[in-house]
Amino acid sequence: MTEIAHMTEADAANRLMRLAREIAKHNRLYHNDDAPEISDAAFDTLMQENAAIEAAFPQLIRVDSPSRLVGHAVSSPLAKLPHAKPMLSLGNAFADEDVADFIASIRRFLRLSDDEGVALTAEPKIDGLSCSLRYEHGALVLAATRGDGAVGEDVTANVRHIADIPQHLPDTAPPVFEIRGEVYMAKADFLALNAQQAARGGKIFANPRNAAAGSLRQKDAKVTAARPLRFLAHGWGEVSSLPADTQYGVMQAIATWGVPVDQRLVRLVGGDAVLAHYRAIEAERADLPFDIDGVVYKVDRLDWQERLGFVARAPRWAIAHKFPAEQAQTNLLSIDVQVGRTGKLTPVARLEPVTVGGVVVSNATLHNPDEIARLGVRPGDRVVLQRAGDVIPQIVTNLTRDVPRAPWAFPDHCPECGSEAVAEEGEVDVRCTGGLICPAQRIERLKHFVSRGALDIEGLGEKSISEFFEAGLIRSPADIFRLHRHRAAILGREGWQEKSVDNLIAAIEAKRNPAPERFLFGLGIRHVGQVTAKDLVKAFGTVERVAEVATREDGALELTGIDGIGPVVAEALREFFHEPHNRAAWDDLLSEVSPPAFVSNVRASPVSGKIVVFTGSLETMSRDEAKAQAESLGAKVSGSVSAKTDLVVAGPGAGSKLKKASELGVTVMDEAGWHALVGETTQ
Ligand code: IVH
């Protein structure tokens, strides 16, 4: 091994790559196969070498760096596995009109003529957990849960015990084929498992879905083997080729390879046929052997799926038509008030436990004083609860509203720190005015800072934050990066061993150069969500520049000049950076961490960064499709032509915009020219 002090950047990158591979291999052998090949001490040496090189070359820290994975071993015993293609979620339809809108939007997007029908597949939406199975040259090589959609958990060893999942595909299957589907537990198996668990004093599962997740996500695959898990395919991920050009055709091919596909999968054309099918499945629901919560529709033609693409994390070509929410009655025992990160007081109803839609519910949020007034709820009332899908349970009505009882008074002081609690003008929410004096707000901000969308410090979850806060070891975000000084104090605490403390400290060290958008989002500034944080660092380059502009007297003007940033965000930023406590915490934090300048991940293309205007009628695509395509190539699409415009794509019938473009000397091309320009980059 070359000594770190003498390493060139290339040596270091090379060594980090090798370490990432080697450590991942040993992680898998240890965690998944229960068959380690090296001692713990030898493993630790590899980890330390990795950490030392990363400390010397922070710019080379890999996305799959083992230092980012170690914490995972603490919070979840399963290793992480990045998906070759993201695992998406689905948009929801509740009413019949939502389905009609879905079909209409597809027609509009694709600019279909009236006589062209949209064939959709329809199949039950199974209440399980999604899983991606990767087959290479016919052999099952990897299996992963969905995780956050980009990175899942490695459950390869576990799925080998699911009888529905074949270890091999026939020779007719393409060399690389990822089958995606749902791991679930049948209703009868779930009841039998719970009875068995009760007899043994084991964990009782709330519903089949939880039982399936708890059974699959096991470090010890032998536990999975003892559980009655099943699998139904509903799609695919990365593939070297496809056996058909329709959704229906590919699913049929998958079925012929011996992978279960639900027999209720059908292909339908037209809103009426789709709704009739939905009603038929709904009528069958109670008698099905497994829980379902709706029907999923997918555009059948794969070339159309391709064109339709995605919005945020869901495809435009699929939707889940959910069954109506299930309701139940129960008694409201008391109302507690929780204090959130921004000081918001949230009343929470504590309920007599009741089962709604297969889940035992004992809490429901009451949101704010308006909601309390709307329902007129007081402890002692009988209420109707509703739960739809994964949505948190809601109280819909108060059945004993007319029974005379004193109204419940919303607190005018923070229950955590005693500071005054007030509603700002025009706002329904009541907030604690204690700011960082309030321990609840401080803890919540710290939890937010380390959360998934922010710094994502593995192994430092909500529980550990509370623990270290109470113990006085972490009082501010910067303290997290000084936690290594308290090694002895942590080791003296229950549940912490040498290895888990080392992992935690390594996970923290790996975050000394966080992506600027994550860092900014992690500060928990009001109205600055992930998208806004990214817009800000994209526009200003660094977090320091954002703070500088936000602090300047005339900063609001510059801030609101950015796309997506309005006066509310500008004011929230100004307020945050003018607050002395925040300023001190910011300076302190930046003495520990250095977020680099923003790096865009949009592909370079001939139109990236360009301002494009589409005008006149387009022939091969709709406006929406054109816009989506341009934006995915990094262009900004504008509705009007100005001196800033880089390119005008004009179709037949173009009028004033085309005229203005030629007056201003802006480049103009027709639709074919546009395709030729971007075609080169999409090949
Ligand atoms: S298709 C890109 N089909 O529902 C399309 N999903 O709410 C992705 N699910 O994560 C999914 N049954 O776990 C699809 N027949 C079905 C499904 C189904 C259940 C789950 C799946 C997905 C979630 C989205």
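Counting starts at 1 for both ligands and their atoms, in listed order. For clarity, every value in this text was computed on a predicted model and none was experimentally measured.
Ranking the protein heavy atoms by distance from atom 13 (O) of ligand 1 puts E182 OE1, 2.8 Å first. Counting protein heavy atoms only, atom 3 (N) of ligand 1 is closest to K298 NZ, 3.1 Å. Looking only at heavy atoms of the protein, atom 14 (C) of ligand 1 is closest to H234 ND1, 3.5 Å. With hydrogens left out, the protein atom closest to atom 23 (C) of ligand 1 is K125 NZ, 3.9 Å, a heavy atom.
Interface atoms of ligand 1 facing P124, defined by a heavy-atom separation under 4.0 Å, are 12 (N), 15 (N). Per-residue contacts place E123 under 4.0 angstrom from the following atoms of ligand 1 (heavy atoms of the residue considered): 15 (N). Atoms of ligand 1 lying under 4.0 Å from any heavy atom of R146, numbered from 1 in the order shown and given with element: 10 (O). Near S130, the atoms of ligand 1 lying under 4.0 angstrom from a non-hydrogen atom of the residue are 10 (O), 13 (O), 21 (C). Atoms of ligand 1 lying under 4.0 Å from any heavy atom of L88, numbered from 1 in the order shown and given with element: 2 (C), 8 (C), 10 (O). Atoms of ligand 1 lying under 4.0 Å from at least one heavy atom of P315, given by number and element, are 2 (C).
Here the rule is side chain to side chain donor-acceptor pair (under 3.5 Å) with E458, and of R452, K80, K511 only K80 fits it.
In this structure, a donor-acceptor pair under 3.5 Å is present between the side chains of Q247 and Q305. The closest side-chain donor-acceptor pair between S113 and D115 falls under 3.5 angstrom. Side-chain contact annotation: T620 with H675, donor-acceptor N/O pair under 3.5 Å present.
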Exercise for review: Apply ring pair (Phe, Tyr, Trp, His ring centres under 6.0 Å) to F177 and Y135, showing your working.
Suggested key: CA-CA 5 Å; F177 205 97; Y135 290 87; 8.4 Å; no
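Listed here is the closest heavy atom pair of D164 and F231: OD2-N, 2.9 Å. Contact detail for I395 and L385: the closest heavy-atom pair is CG1-CD2, 3.9 Å. When all heavy atoms of H321 and F94 are compared, the pair lying nearest together is NE2-O, 3.6 Å.
Some N or O of I126 is nearer than 3.5 Å to an N or O of ligand 1, by distance alone.
Closest heavy-atom approach to atom 24 (C) of ligand 1 within the set I292, T145, L90, V296: this belongs to L90.
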